[in-house]
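Read through the structure below, which is laid out as structure tokens, and then see the notes.
Below, chains carry the letters A, B, ... as their sequence lines are ordered, and counting in each starts from 1.
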Protein chains: 2
Amino acid sequence: MSLTADTADQPTLYKRIRADIEKRILTGEWPPGHRIPFEHELVARYGCSRMTVNKALSELAQADLIERRRRAGSFVRRPQHQSAVLKIADIRAEITALGRAYGYELIGRKLRAATAADRDRLGVKKAGKVVAITCRHSADNVPFAVEDRLIDLSSVPHAATADFSREPPGSWLLHHVPWTEAEHTISAIVADDRTAEALDIAVGAPCLVIDRYTWRSARTITAVRLLYPGDSHRLVARFKGG
Amino acid sequence: MSLTADTADQPTLYKRIRADIEKRILTGEWPPGHRIPFEHELVARYGCSRMTVNKALSELAQADLIERRRRAGSFVRRPQHQSAVLKIADIRAEITALGRAYGYELIGRKLRAATAADRDRLGVKKAGKVVAITCRHSADNVPFAVEDRLIDLSSVPHAATADFSREPPGSWLLHHVPWTEAEHTISAIVADDRTAEALDIAVGAPCLVIDRYTWRSARTITAVRLLYPGDSHRLVARFKGG
DNA sequence: TACGATTATATGTCTAGACATATAAGTCAA
DNA sequence: TTGACTTATATGTCTAGACATATAATCGTA
């Protein structure tokens, strides 16, 4: 095998080392469990310093392609098909990316003291004020998704006076709340009367449900349920690297 | 603010630098677009070499928390809620992780020349042989999911003679095929007669559908459709970093 | 004012060392 | 055979430099 590039060292050295090893893993030449060469062996093979091969191996470890064990060496990991990158785009961006006209409609907005059900949904114990919002997103004037959202005003007091009649609450939050963490739960239901009417589908038709719970540093921000017509909407998750 | 840890330097220095910056971004102290200190400033602040702060910043860049621009500096990125890590576990692992008894049952297996529908599903043009497998996974003897799979024998010839009566094809492939890439599509349907019977649910009940298409280096390996009862199964995707 | 050339600078990569630390493997005694 | 102790070693982290390179900012000119 060639250790040096054919034409030149176009990519940097550590990237070439990483790519070389990655290729051997992908092709199965180095199967899961195989011990890849020690750092000092790679140093000798590529004629570079240990920091360089260390950087290549560290990135492979971060990508879960290899596992590094002190004193033992680095080993090819078994593929983990279960981990995929699911892209849940902002609905507006998703629709405009499809080249369709985005439409938004506020159906209802209520400011109230948190009920027991609200607290349960937001995962908070203390009572406080919340805003409950129901709205609909459409593409080319066809209902695309209905949104049912709860915002914790003790975390986002500014949301009490925000105008959600034009701007979707998701977009507003994205611009007014610092970095957050989120958890999505995906499930399927059949449309009840209310959902069927909002999405303009038949009662009993399948719906894809995304429940998103958003927080920042253990502080709840918002909980949202998105309902999509199940036969027309698709969520695509691609395995890492693609 | 304190630059040194209260007790001791329990984590390594570059991890502390990374955590310090991450905290400022998460709390909103450094909002999206904010330029974080230059490497040489952090070097002075932490009293370490540039390689150390470089490692911290590189990892933050890899996690998409910051963006690095030559000559300009490093900047806080806007949160990207749309990217979440979806864990689609191996069904057996998923069930045993729940502390329930895993059951597997082969319903049907056919070896045939690829039909037009098969080729379309696998995304291949040339004809060839395929194995079509239908099976059921159960938890504590309750149907958990039904699987409908197609394996391209031109990519995995060994699958023609594999015994799928005991081992699920997913597990078998995991152990016999090198690293692969995959794409998942999630949607919702209502159960038809055949599905309802296999999952022991009512006709018209909601079902969550995962279509997974797996390949390696542009070579198709398998296409599988998994059907779950929609009211009992959940897919959880957590935003990166959790 | 607009545009092209020059310069300054922050990041990107790399080196040749160093010490720390977890742990696999070997050693020895009960 | 088993358990406790020791040792060897691969990885983990770090340093104090270096040169490369993309590009923002400046300057000069038409």
[X] [atom1] to [N] [atom2]: how many Å, rounded?
X	N	atom1	atom2	result
B:Glu39	C:dT11	CD	C1'	6 Å
A:Arg68	C:dT23	CZ	P	14 Å
B:Arg50	C:dT13	CZ	P	11 Å
A:Arg16	C:dC14	CZ	C1'	14 Å
A:Met51	D:dA18	CE	P	17 Å
A:Ile36	D:dA10	CD1	P	14 Å
A:Ile17	C:dT13	CD1	P	12 Å
B:Arg70	D:dA22	CZ	P	6 Å

So, is [X] close to the [N] phosphate, meaning a side-chain N or O under 4.0 Å from OP1 or OP2?
X	N	value
B:Ser74	C:dA10	no
B:Lys55	D:dC14	no
B:Lys15	D:dG12	no

Exercise for review: Assign A:Ser58 to base, sugar-phosphate, or nothing according to its heavy-atom contacts below 4.0 angstrom with the strands shown.
Suggested key: nothing
Check your understanding: If you take atom types as modelled and just measure distance, does the side chain of B:Arg71 reach the base of C:dA8 with a donor-acceptor pair under 3.5 Å?
Key -> yes
Review point. Does a sphere of radius 6.0 Å around CG in A:Asp163 hold more than 12 heavy atoms from other residues, nucleotides or ligands, not counting ones at 6.0 Å or beyond?
Key: yes
Review point. Is any NZ, NE, NH1 or NH2 atom of the basic residue among A:Glu59 and A:Arg68 found under 4.0 Å from an Asp or Glu carboxylate oxygen of the other?
Key: no
Point to revise | No-hydrogen, no-angle side-chain donor-acceptor test under 3.5 Å, B:Trp215 and B:Glu181 | key: yes
**Study point:** Pair A:Tyr102, A:Asp140: side-chain N/O donor-acceptor within cut-off below 3.5 Å
**Key:** no
Study note, to complete from the structure: Between B:Asn54 and B:Phe38, the residue closer to the 5' end of DNA chain C by nearest nucleotide is B:Phe38
Study note, to complete from the structure: Closest of D:dT15, D:dA10, D:dA8 to the B:Cys48 side chain is D:dT15
Review point. Closest to the A:His40 side chain: C:dA8, D:dA10, C:dC14?
Key: D:dA10
Review point. A:Arg219 side chain to A:Ser154 main-chain N or O, any donor-acceptor pair under 3.5 Å?
Key: yes
